Each structure stands twice: as structure tokens, then as C-alpha cells.
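What you see is a predicted model, and the numbers here were worked out from it, not measured in a lab.
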Amino acid sequence: MESKIGALLSTGVSKQGIRERIWDYMESHDLADFPRPVHHRIPNFKGASRASEHFPHLHAFSVARTIKVNPDAPQRNARFLVLENKKTLLVPTPRLRTGLFNKITPPPGATKDILRKCATSQGVRNFSVPVGLDSNVLVDLIVVGSVAVSEKGWRIGKGEGYADLEYAMMVSMGAVREGTPVVTIVHDCQVVDIPEALLEDHDLTVDYIITPTRVIATGCARPKPTGIIWSKVSCEMLTKIPVLRILREREKPAGKDVTLQAEPGSQHLAPSTISRPWDIPQSQAGSIGGAYSPLQSMDTHVAATVCVGNLPYNARVRELKRALQELGAVPLRLTWQGPQHRAILHYTDSAAAQQAASLLQGLRLGANTLRVALGQQRDT
């Protein structure tokens, strides 16, 4: 089976091409299991529960006290086995929107049936408590989902980058050591040759591959990520993942380069995510807070204002203020320009305005994605 799909992959030279071929193969050969179709997912597969039975036999499992397992369907039995063996189970929060991970806490005297419920997605919601960044948790073993993986330990996920980011965030908060093992549980057909040229420095590799028929120790020597590579993080990601913003604020005073993908000065700019600065005519300056002039709040050549546009026609100023507070981007003053469907945010200096503009990228009010840009550049 593996040789068949290996032949299919010989024409695929991109990560997405490999993903599509794996997904197509699993569906066409009826290897996929609920939820289907498996496209754009960590694919569940027939035999996933049987594959997980190998997991407790790993030495790394035996000596581990705290194990992080991804929340996807094919790893459900792995989560159960962690609980059954009375180890601490951590599960990442969906899309990291409410934190990094939750600790599963079964009720006292839980039976096997209850533990199996705790291992489901519903159980993760009902029997868990959040783990804070200051919890001093130490993860001894990590289980991640994969779409494809090679015997050398190269891994391809579903393309959203959450497993890579979760690991990098755990490094940043001191939750993993350099040698913390990483395991993936997949179908045999997902073990394929992956060109090393496709790997990037933020990609997470694996040390063990578990399938229904075998356990592969990859012996992977490629270094794992040593922390968050901020130049790979978009402003939209920072907006959607609050814990990421907290880690960034903690790393900034330490002198680390926390320049984001869409910020000026980044070596990995993504022009498609950068809004063009709006041109605010001088004739409108009086309407921006009466006698206010952008020149009054400038330390450099960039105005300390942020223009927020594409506001819904029925938007209320309190809705925008609430969003600004939640994102940690509260301005000194807000000028509401409802007829123009925009607002002007005034900050103490250009650095504060630039930070706010980064945090607000990708913000939505109602059905509208807001346009966010720094105020017009002027000469002092």
C-alpha cells in the first residue's frame, strides 16, 4: 500500500500536493473514518484505535508523567490510554483561541467508560481546566497529528501550522526540554518519502511514528524549533491567539526580535496582508477631534494615529471600544466618523500606534473585516 502511494507522490513536490494525494488516497481506498471527508483535516482512519495500543509500550510513555496529545479524532484512544495509566493529560485548546492547553481532570473514581468520555472532544470541554502560562508545567511527551510523515521524521500537517506553533510556544514558556520526544499516530499509507527541501525552520519533526502495524523510531537529528519565529507570525494570528500576544510582550523586554510578518522591518514581509496607509486630507484634520493635528503627537515622521475603516453601517462605537479593550489596543482618544464608516484612534506615540495597528489586523465587526492602517506620514 505504501509503495502505491509513494509512486503517486513522485509527481508531488509541494506540501499541499502531498496532502491532497494522501487525502484522496485514503478516501478512494476507504481507509478514512469519521469525520469525512478527511480533506483539510488531520485524517481519522480505520485502525486508529488499534495503532494507539502501541503507544503505552514506548519507553518514553512509561517514564512520562505529563503528556500533551492533540485533540483530533485519530488520537482519541491515545488520550484515553494516557488517562487510564494515571498520567496527566494536556490537550491544546481549539485553534489556541482561549489559551495554550487544558488539563483533563476526570472525576474521582472514574471508570473506564468515564475516562473514554473524557478523551472525546466533548469530554475535553466538560472535564478540563485551563493551564496558565505561569503554571510551570513540564511536558514529558508530545503527540501530534499528521497528514504525512516520513521515516526520517519529516512531518506535514494539515497546513494551518498549529502543531508547529504549539511546540514553539511551549518552548517559549519553558514547558518542553530540548530532548522532549514527539510522537505521531498515522495510517501506514501516510508514511511516505518527503523531500527535505520542503521543510522550513519552523517545522516540527517527530521521533516516533506509530501505525497499526509498526512503531518506527526515526532517529531524527534535525533540530526542532527553539522558540517562536516571530517573523513567521502574521498580525492576524496575533489577533486571534491571545496567548501569543502575551508571550510576545514577555519576550520583547528580553531583547528578542519580535517583529511580525506584516510589520515594517521584517525580513519575511507578506505584502498581501499590509494595508496601504490612508491619505487623510488636511481639510479633514479639523474634524478629527476639533483642533487636533497629527503633528501634535509625533515623535518621528509617522503620525501616532490608526485609521480603522470598513466599519459596518450599523456599527456602534461601544462595539469598537469593546474590541479594542479585548485586544489590548485601547487608544488615548477615539474619534468616531460614522458617516465615513471609519474611526481614528489616537495614541501616545508612533510606536504605540504601530503596535495597535498590528494587533488590529484581521479584526472583524459583524460581517466586515476592518481595514487598519497607520495615519498619513508627514514631514516634521
Side-chain angles (χ1 to χ4, degrees), residues 5-6 9 12-23 40-43 60 68-72 74-75 92 95-96 100-101 139 141-173 175-187 190-211 216-234 236-238 240-241 244 247-248 251 256-261 266-270:
I5 198 165
L9 294 181
V13 295
S14 70
K15 287 182 178 179
Q16 188 59 26
I18 292 175
R19 292 185 189 104
E20 294 291 345
R21 286 166 175 79
I22 293 285
W23 288 326
H40 311 292
R41 306 178 190 271
I42 297 297
K68 190 229 80 170
V69 184
N70 62 297
D72 299 291
Q75 282 73 50
R95 296 182 179 274
L96 304 177
L100 183 51
F101 34 57
V139 178
L141 183 60
I142 297 170
V143 178
V144 296
S146 302
V147 174
V149 64
S150 78
E151 292 190 13
K152 293 181 178 180
W154 313 155
R155 172 191 170 274
I156 295 176
K158 62 185 175 183
E160 296 182 346
Y162 284 107
D164 304 319
L165 185 57
E166 287 163 10
Y167 182 87
M169 292 167 72
M170 285 192 287
V171 172
S172 292
M173 64 183 284
V176 295
R177 303 184 183 94
E178 184 178 350
T180 302
V182 177
V183 178
T184 193
I185 301 172
V186 296
H187 192 276
Q190 294 173 259
V191 183
V192 297
D193 291 333
I194 298 174
E196 187 174 3
L198 294 182
L199 300 187
E200 299 179 71
D201 50 5
H202 65 274
D203 285 329
L204 179 62
T205 57
V206 302
D207 302 290
Y208 296 95
I209 302 168
I210 298 177
T211 80
I216 304 168
T218 67
C220 184
R222 183 183 177 92
K224 292 181 173 62
T226 56
I228 300 168
I229 304 174
W230 293 104
S231 60
K232 303 277 188 178
V233 177
S234 68
E236 182 178 7
M237 290 170 65
L238 200 70
K240 292 180 176 178
I241 304 175
L244 197 57
L247 286 171
R248 184 170 182 250
E251 292 195 359
K256 293 188 178 180
D257 183 0
V258 296
T259 304
L260 298 180
Q261 186 181 76
S266 171
Q267 298 300 310
H268 301 276
L269 291 176

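Listed here is the closest heavy atom pair of Ile194 and Ser150: CD1-N, 3.8 Å. Summarising the geometry of Ser234 relative to Gln261, their closest heavy-atom pair is CB-OE1, 3.5 Å, with the distance given to 0.1 Å. Closest heavy-atom contact between Leu198 and Ile18: CD1-CD1, 3.8 Å. When every heavy atom of Pro181 is checked against every heavy atom of Tyr208, the shortest pair comes out as CB-CE1, 4.3 Å. In plain terms, the two heavy atoms of Met170 and Phe101 that are nearest each other are SD-CE2, 3.5 Å.
For the pair Val258/Ile228, no side-chain contact is recorded, criterion being any heavy-atom separation below 4.5 Å from C-beta on. Contact check for Trp23 versus His40: side-chain heavy atoms found under the 4.5 Å cut-off. Side chains of Ile185 and Pro74 form no contact here, defined as non-hydrogen atoms less than 4.5 Å apart. Side-chain atoms of Val182 and Arg155, non-hydrogen and from C-beta on, never get closer than 4.5 Å to each other. Contact check for Pro43 versus Lys158: no side-chain heavy atoms found under the 4.5 Å cut-off. Counting heavy atoms from C-beta on, the side chains of Leu260 and Ser231 never come closer than 4.5 Å. Using a 4.5 Å heavy-atom threshold, the side chains of Glu196 and Leu199 count as touching. Annotation: side chain of Ile42 is in contact with side chain of Val147 (closest heavy-atom distance under 4.5 Å).
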Output, in order, the C-alpha distance, side-chain angles, deciding distance and verdict of side chain to side chain contact (heavy atoms under 4.5 Å, CB included) for Met237 and Leu165. CA-CA 10 Å; Met237 290 170 65; Leu165 185 57; 3.7 Å; yes
From CA spacing to verdict: side chain to side chain contact (heavy atoms under 4.5 Å, CB included), Glu200, Lys15: CA-CA 11 Å; Glu200 299 179 71; Lys15 287 182 178 179; 3.9 Å; yes
May I have the step-by-step check of salt bridge (charged side-chain N to carboxylate O under 4.0 Å, His left out) for Asp164 and Lys224, ending in yes or no? CA-CA 9 Å; Asp164 304 319; Lys224 292 181 173 62; over 6 Å; no
May I have the step-by-step check of side chain to side chain contact (heavy atoms under 4.5 Å, CB included) for Ile142 and Val183, ending in yes or no? CA-CA 6 Å; Ile142 297 170; Val183 178; over 6 Å; no
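Proximity of a side-chain donor or acceptor of Asp72 to a complementary backbone N or O of Gly145 within less than 3.5 Å is not detected. Judged by distance alone, with hydrogens and angles left aside, the side-chain atoms of Thr180 form no donor-acceptor pair with the main-chain N or O of Val176 at under 3.5 Å. Panel note: side chain Arg21, backbone Gly17; a donor-acceptor pair is recorded below 3.5 Å. Not a single donor-acceptor pair under 3.5 Å links the side chain of Ser146 to the backbone N or O of Val149. Of the possible polar contacts, one joining the Thr218 side chain to the Val206 backbone as a donor-acceptor pair under 3.5 Å is found. Checked by atom type and distance alone, the side chain of Thr184 pairs as donor or acceptor with a backbone atom of Val144 at under 3.5 Å.
A donor-acceptor contact closer than 3.5 angstrom links the side chains of Trp230 and Glu251. In summary, the side chains of Arg222 and Thr205 do not present any donor paired with an acceptor at a separation below 3.5 Å, with no hydrogens or angles considered.
Enclosure of atom CD in Glu178 is not indicated, since only 12 or fewer non-hydrogen atoms of other residues, nucleotides or ligands lie within 6.0 angstrom.
Rounded to the nearest 0.5 Å, atoms CD (Gln16) and CD1 (Ile156) are 9.5 Å apart. Here the CG-CG distance, from Leu244 to Leu100, works out to 10.0 Å after rounding to the nearest 0.5 Å. One finds the CD1 atom of Ile241 at 5.0 Å from the OH atom of Tyr162 (value rounded to the nearest 0.5 Å).
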